[in-house]
Amino acid sequence: MRAVGVPASDVRRRIAEEMKDDVSWDRVLNSICTEPHPLGVEMAAAAAHTNLGDVRIFRGTKRIERKVVELLLSFLGNADGSGNLVSGGTEANLIAMLVARESARARGRLTARPEVVVSSTVHFSFDKIFAVLGLSAVVVPVDEAMRLPADEVARRINDNTVAVVATAGSSEFGVVDPVDEIGARIRAHEVHLHVDAATGGFIIPFARDLGHDLPQFDFSVDGVDSITIDPHKYGLVNVPAGAILFREGEGAERFSFDSFFIGTPVHNTFLGTRPGSAAVATYAVLENLGRSGFTQITRANYETTGYLTTRLKEKGFELLMEPQLNIVAVKVAHAALISQRLESWGWIVSTSRRFVETIRLVVTRHVTRDVVDEFVPVLDLARHE
Ligand code: 0PR
């Protein structure tokens, strides 16, 4: 640390200088997060001093967190449930898996080798979580449409199974698992069904309203016990804003830890000190946009996705599949090399080598028709270089 500090203007200048190197949104096609809604950013700054780890001080901020949880629960068809705001999809999934394990224990069903049935495309956050919680993954290969097949899930359930994870919007392909079929097939078993809707939670309900044929994934599906949904992805809220929600009113309390201070409320999240700014920003954005605002944004995202796929096909590109959500997987030979080339030209995309080599393009608020018009010829050039 410096012996003597430097003036604020100097600090500001040097931070701005470094951040100039961050890629501007109109060159970003790999990110499920987007340029955050300005009202969220404004309100987060106003709440920068708040800490939901101490709700005796930040009572009003805590009330806002509760309002957001209630809002999300009723959005997902379960006003009587429970939940908490967390730092993102990874923490939400972690809490869900711990609750699933503890529910099995409470029912006297926890064996020495607890297992969780997941798809081969489940998000990699589960690798971390299983390592931390001592759970074993039972991996079910996805079907030809990249979905988790319900029959196969049912076949893998045994006495060790504590949970099944379905994904409502896989981050690689934007595919929605048939949560309704999975719920129906496993209902007879006492296993926790968790839906990871980190990516699709703020797309699917609006897309369904717009007439897109997508499976239902929320608490209206029988058997769904918990849902991860991330305001900081398609919810347009600034990072870090995630949420874990439970069907049961007491679900969130199964992840419950005392602090060592008398009279302090228990913690139901993994983080202790945690930003009230996330709750405030989420509240601001959800209230300001409402269902109509999100539906309009979703419509625009689908229009741009359609425009992108048309432009790609015109140039002779082949898609891995027709996109269900706003994630486009383009089959390209030497995808990793092309991605590197694009990066050296200023464009950021993701690549996957899972089935065939693909370049993943994420359409979200900052990806406009103009961005598509600029990008497609560049991608075409990159593969012919
Ligand atoms: N579950 C799903 C389905 C996800 O898509 C993600 C993140 C997570 C869980 C984990 O969430 P957190 O990262 O909030 O803990 N999916 C994105 C991905 O892996 C994350 C991301 C976002 C990556 C922005 C890059 C980026 O610029 O693609």
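Ligands are counted one by one from 1 in listed order, and the atoms in each one are counted from 1 as well.
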Give a table of atom pairs where an N or O of ligand 1 lies under 3.5 Å from a protein N or O.
{"residue": "ligand 1", "atom": "1 (N)", "partner": "Asp196", "partner atom": "OD1", "Å": "3.2"}
{"residue": "ligand 1", "atom": "1 (N)", "partner": "Asp196", "partner atom": "OD2", "Å": "2.6"}
{"residue": "ligand 1", "atom": "5 (O)", "partner": "Thr199", "partner atom": "OG1", "Å": "2.7"}
{"residue": "ligand 1", "atom": "11 (O)", "partner": "Gly89", "partner atom": "N", "Å": "3.4"}
{"residue": "ligand 1", "atom": "11 (O)", "partner": "Lys233", "partner atom": "NZ", "Å": "2.9"}
{"residue": "ligand 1", "atom": "14 (O)", "partner": "Gly89", "partner atom": "N", "Å": "3.0"}
{"residue": "ligand 1", "atom": "14 (O)", "partner": "Asp230", "partner atom": "OD2", "Å": "3.4"}
{"residue": "ligand 1", "atom": "14 (O)", "partner": "His232", "partner atom": "NE2", "Å": "2.9"}
{"residue": "ligand 1", "atom": "14 (O)", "partner": "Lys233", "partner atom": "NZ", "Å": "3.0"}
{"residue": "ligand 1", "atom": "15 (O)", "partner": "Gly89", "partner atom": "N", "Å": "3.4"}
{"residue": "ligand 1", "atom": "15 (O)", "partner": "Thr90", "partner atom": "N", "Å": "2.8"}
{"residue": "ligand 1", "atom": "15 (O)", "partner": "Thr90", "partner atom": "OG1", "Å": "2.5"}
{"residue": "ligand 1", "atom": "19 (O)", "partner": "His123", "partner atom": "NE2", "Å": "3.0"}
{"residue": "ligand 1", "atom": "27 (O)", "partner": "Ser31", "partner atom": "OG", "Å": "3.1"}
{"residue": "ligand 1", "atom": "28 (O)", "partner": "Arg360", "partner atom": "NH1", "Å": "3.3"}
{"residue": "ligand 1", "atom": "28 (O)", "partner": "Arg360", "partner atom": "NH2", "Å": "3.4"}

Identify each donor-acceptor pair in which a side-chain atom of residues 317-325 lies under 3.5 Å from a protein atom, sequence neighbours left out, and give them as a table.
{"residue": "Glu318", "atom": "OE2", "partner": "Lys331", "partner atom": "NZ", "Å": "3.1"}
{"residue": "Glu322", "atom": "OE2", "partner": "Lys313", "partner atom": "NZ", "Å": "2.7"}
{"residue": "Gln324", "atom": "OE1", "partner": "Val176", "partner atom": "N", "Å": "2.8"}

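- Geometrically, Arg369 engages Tyr307 in a cation-pi contact, judged by NZ or CZ lying under 6.0 Å from the ring centre and within 45° of the ring axis.
- Side-chain atoms of Phe257 and Thr269, non-hydrogen and from C-beta on, never get closer than 4.5 Å to each other.
- Aromatic ring centres of Phe75 and Phe202: separated by under 6.0 Å.
- When only modelled atom types and interatomic distance are considered, Glu172 and Thr121 share no side-chain donor-acceptor pair under 3.5 Å.
- Under the 4.5 Å side-chain criterion, counting only non-hydrogen atoms from C-beta, Leu94 is not in contact with Phe130.
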